[in-house]
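Written out below as structure tokens is the structure these notes cover.
Each chain gets a letter, A, B and so on, in the order its sequence line appears, and its residues count up from 1.
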Amino acid sequence: MIKVEYSYLVNSPVDFVFSYISNPLNDQYWQASCQGVELDEPGAPIGEGTQYAIRFQFLGRDMPFTSIVTDYEPFQTYAYETLSGPMLFKGSYRFTPLGNSTQIDWVFESEPGGFFGIIPRSLLKKVLAKQVEGDIARLIGILGAYRAVSNA
Amino acid sequence: MASNVVQYKHSTAARPVVGDNTRATTETFPLADVQRGLWFVQQMAPDNGAYNLVFAARVISAIDAAAFDAALSYLLDRHAALRTRFLVDAAGVPRQEVLPHVEVDSASIVAAGWNDTQLRERASADAQKPFDLARAPLLRVRLYRRGKGDALMVWSAHHIAVDFWSLAVLLDEFRQVYQDLTAAKAVNLPPLGSDYPAFVHHQQEKLASAARARMAAYWRERLTGELPVLNLASDYPRPPLQSYRGASLGFHFDTDLTAALHSLARAEGVTLFTLMLTAYYVLLHRYTGQEDILVGAPVAGRFDKAFRRTVGHFVNTVVLRGAVSGEMTFRELLLQTRDHTGEDLRHQEYPFASLVEKLVTERDLSRPPLFQAGFSWERLPQFKELASFFSLSDKAAEAVAFGAMTLSPFPLPQQEGQVDVALEMGGEAEGELFGVWKYDTALFAPETISALAGQFVELLKGIVANPGLRIARLPLLTAAEREQVLLQWNRTEQPLPAVNGVHQLVEAQAAATPDKTAVMGGEQVFSYRVLNQRANQLAHYLIESGAAAGQHIGICSARNGDMLVAMLAVLKTGAAYVPLDPAFPRDRLRMMMEDAGIDLVLTHEAVWAELDLPVARALSLDHDWPEIATFPGHNPHRVVSSTSSAYVIYTSGSTGKPKGVAVPHGAVVNFLASMAREPGMRGDDVMLAVTTLSFDIAVLELLLPLTVGAMTLIVSREDSSDAQRLQALLESSGATLMQATPATWRMLLSDGWNGCSRLTALCGGEALPRQVAEALLPRVAALWNMYGPTETTVWSSVMRVESGAGAIAIGRPIANTQIYIVDEALQPVPPGVPGELCIAGAGVARGYLHRPELTAEKFVRDPFAAGEARMYKTGDLARWRRDGTLECLGRLDHQVKLRGFRIELGEIETQLCRHPTVHQAVVMVREDRPGDQRLVAYVTAVDGEVSAAALKAHLAGHLPAYMLPSLIVPLAAFPLTPNGKIDRRALPAPAEGAHAALAGFVAPRDRGEIQLASLWEQLLGVHPVGVTQNFFDLGGHSLLAVQLVAGIRERFGVELPVSTLFQHNTVEALARLLREHNGAAEAASALVPLRGTGAVPPLYLMHPIGGTVFCYLALTRHLDQQRPVFALQSPGLEDASLAEVSVPDLARCYLEIIRAQQPQGPYHLGGWCFGGLIAFEAARQLEAAGEEVAELVMFDTRAPIPENAPSDGDDATLLSWFARDLAVPYGKTLNIAPEELRAVAGEGMFEYVLQRAREIEVLPHDADTARLYRYFEVYLANGIALQTYESGDYHGAMTLLRAEDEPVDYGPMLGWDKVVSRPFSVVEVPGDHNSMMYEPHIQISARYLNGVRPHMTSRQAMAC
């Protein structure tokens, strides 16, 4: 099992941050490895039980998954896990407002099994962490830009 | 000049103050040239005291301790050399530093109750204690106090700071100062002239002048050609590293000899020095047989009066060369020496260290460079009154007044072990010359040097008696030694049986024991009566057919009783038999028959039918027997002379044509009688005869039993060559004796033979290896080593072998036989000295059939016997041991000379055989390609497998480098001559592949090797350096070795002794050592200095995807030599946890390292392939930080754009790339498709790649899987970084060197036009993506970087 935990501060209010992150459709914009997302019920409100198909490309491999939202507490928590795909993973977010900013605590767990062949887990974890760091940077950038737009 | 007057206050023992030559601060300056060699030796062997100068004297007066120490302090203050220490600067260059003040190193030891021996031992040991050159003072003084008025004063100083002259100065000044101080007088020494730093400066100036060039030219001419290595036979095997341990033997010549030497010198117009040097040349010539002798002689080096009282090391060593021939008279050599030495001494200022650097291309650390014999002639006027204090002779000497002290001699040995042997003279007292022999105790036993000293006196007596005598004729052995080697050890007289013919011995035995079984063989069993009767019948038949003395009758028989019948019959006729082994090639048989004039062959029907050789008559011992049996059975009444040939045996000739040796009856009779006594044979013995009749040793097997009533069991060829069958026969036959070559004994041992407790084993025909002997001894009742050539009748010396160590002796001469060890002039050589083994006496054969010239050459008149007695020159090299046994050292022609080194091939073979996996070994010099002489070893394995690398390592631990074979060729079996000896001429030429494999260049393979190779290239100026090449082969010498060690210390943080380089003299070995030594230190830095220094800004090169940086070695070689080049290597190679997985992180990490070294721009960055990407990102980060990037060069780096990404970059793809890149440095290809790897899947993928890599030999032999896997992890991490890198724009200068021959098209700008917005340069360079980084293509890229840019296709690209 690979587990990574991140806490970071986004200079945007919690409602705005929660709304963006808790929508699986946004994953393809801020997660570099995400190649596309399709909701099972397009247009339906996102909430616990929402299922969607999501496709990643990571370390040269295509990884299609079906996932489900397992926790959806507006402005507080959001969680998801895979129902099918080349491996299992799950993630959960906790959102804490700090003034006009939001602290995000994110936990991600995955069991890659033998999917990545002989790539050692230590390296996978390192790559994953690096990927996450990049994604977070991108997320912060996007949310900042969005906020600028929304404030305009 | 400041006052040099001091006042000493006795009561306080205040330190007297010296007015001059003291310094307030330290100063450093280079070593004098004459000091460099000494410094090197001390680094190489820091625990040696070979260069400690010693003065010892008993003080038989009271000692004022305070004044004693104060006087010493005064001397230290006065002489800069005594306050000097020796350090190494950052570049590894030794420097000396004069300290302003240094405390005296003196001590007083209570020695009450010690006798002289105890005192001498302790004082000697203390005096020989090594100095640490980095600590001043390099002088220590000890007082061993036995009682009032009885102390031993010992001064010891390192030669690098104090030479003999200086010691005299110091003692003289000490005498004065001590006297003044004890008298409470002012010390008033004369002012010093120039000090030692001034000498160094003076010397450097002088040697920078044209005079140095003239001297260099002189010595180049004087020491031209191949320089000899003195080949003094040693008592012990030479250790791989010179021991620097020695001993001394004092001597004095009597007044008669001294006077005669003076007289001769005067008469010939030469100095005593020249006379003694010439005599020394002669001694060494006579000991070694060498005609080119080099001797090292120290010269004082005090040319300038200003330095007359300066303490320091001024002594240089001059290499004197004597061209000695035995044909010259001593007088001729004396005049030659006078002329040469005069000229040599006129050029004596040329530093010995420089000579070594120029002339010694292959330093052999087992012996001193250039010369191994020293000759010193020192007469110092200052020491006149103390001369006897340095004499180790046993002459009593008187006490002398020494200022306020009274001294009496108590000489201690000193400066021992510097060379193999040294003669030091110059002193003369009471009309007697005295001196000392010094020798390396790792090589010589005291008795050997004692004998040598006696022989030198003998030689000198001969010289003064007749200087016109040819050198070869000058006496050498003392009368006692001559008596010993010529007479005592050859006292072998034994009565001979009263018969003329060999057959008469058998006839007598047949009469004595007619019904005993004489022979069994094949289906035949003959009693003595039957055997003799049948032999008589055949003899009568032959006599009637015309057989007579002088005729040769062939025997080409089956191996059965008839063979013996035939032998005896021929002997009875007076003719000689000629064995014709049916197994020999027909051509060889035909040639032998023609040469011997054979017109009758005794054979068997079936045997002859097979051969179908042309002969006048073939008498069949089976088919024609009914007719033969009609002849009488009594002994023929034919008188056979003892000088008539009994047989003619053909042996191999050097020309390839066998030569027939005619052996007379008398010789065989003597031989058999001697063998019956020793090793001995009795009537109840059973001899298993396994040897072909064509090998003369069969005479012992077939005839000896018949002379004592024993039984011969003739073994068939099939049985004797099959270990199992032979073992069975040994068991079932009741055999008590068997004689065989070492090859047959080995065959049995290899087959697991348990031995036979009743068996006496005789071994001969080849050298008996100790290993074989030790295996045989517990398996047999007795083991005998037998030696002898066919030319002196089977065996000429025998020895029962006992368990032990070392080479097995060949024993003592047999009955009525004399063995002499002689030099080329047939003069006996001293015991222990190798010479040619010559045999005289009853066994000497008549000569070679129809070869009168060869007979005259090999069978010469016995110079040690009266009359016309002859002596056979065996061509074997041997020496007498002290116990009067002989040791065979191989063939004279097995002694070879390669690159100036005289090499005994047998010594290498012996060492090889000591390795447990080696069965047999043969070493030879081959020249399969003209001018390419190589030492090649052939080995067979004990169990079918030998590792050439393991054997090389084994040899390297025991033999000097020059004796290590270039090639070791494993063979399944050795080719044999028909007689079962190894056929050296039939050994195969090594396969070309073997040459290539060993001579092949192996590029560095990891960071350590790269760093070392880079350092070597820098120091040696050799490009490229392969990891298996020898530092010294590439031109490394002593000081370069020191600099290398300094470089290693700087880069690896590991302090190695210089001597390490001689046992770890390749990059590969050194890197391995460093890995073992300090892996952590190695891993500490990612920055690899490929060229650490230079005048222009450095270039930083980023590693490619593999993480290593060996790809930049070739580039570095061709870049401007003033340009420092550093490469960034992945830290993950040593610690996987440090591997970064993103390009920005990699760049950030490496920039930290770079900026620690170069805090500010402009920066010069570059990288090949993925390395270009890191460099690009680093340039971006620097740009973002506001730094200037003057140069960014990417070697065929593809832009990080989706189009350039591989369609599938999974682990299999990366592993496929990894496999490919493993092979690139070896110039090999290892393409494994990702699909192929995916089919393997899982953990097995990596092992699969390793296996494939091993198959094409691209893995370092010491590579371990864990390390390789770590390398792969780095590869993966970088692969991931490559795939995940998202670049931004860059605005600085940028050049893309594009591989124009790369088959895969990534566009003319490799996609960079889609990444960067500003123009950049694209230069097309030859080669594909890989080959562009290696020779020769890399030269073009380097020229571009060096600013030379003609004829290059370059374009300015604009971003889209």
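The environment of CD in A:Glu38 is sparse: at most 12 heavy-atom neighbours from other residues, nucleotides or ligands sit within 6.0 Å.
For the atom pair CD1 (A:Ile119) and CG (B:Leu1215), the distance works out to 10.5 Å, reported to the nearest 0.5 Å.
Within residues 129-138 of chain A, the residues that have a heavy atom under 4.5 Å from a heavy atom of chain B are A:Lys130, A:Gln131, A:Arg138, listed by number.
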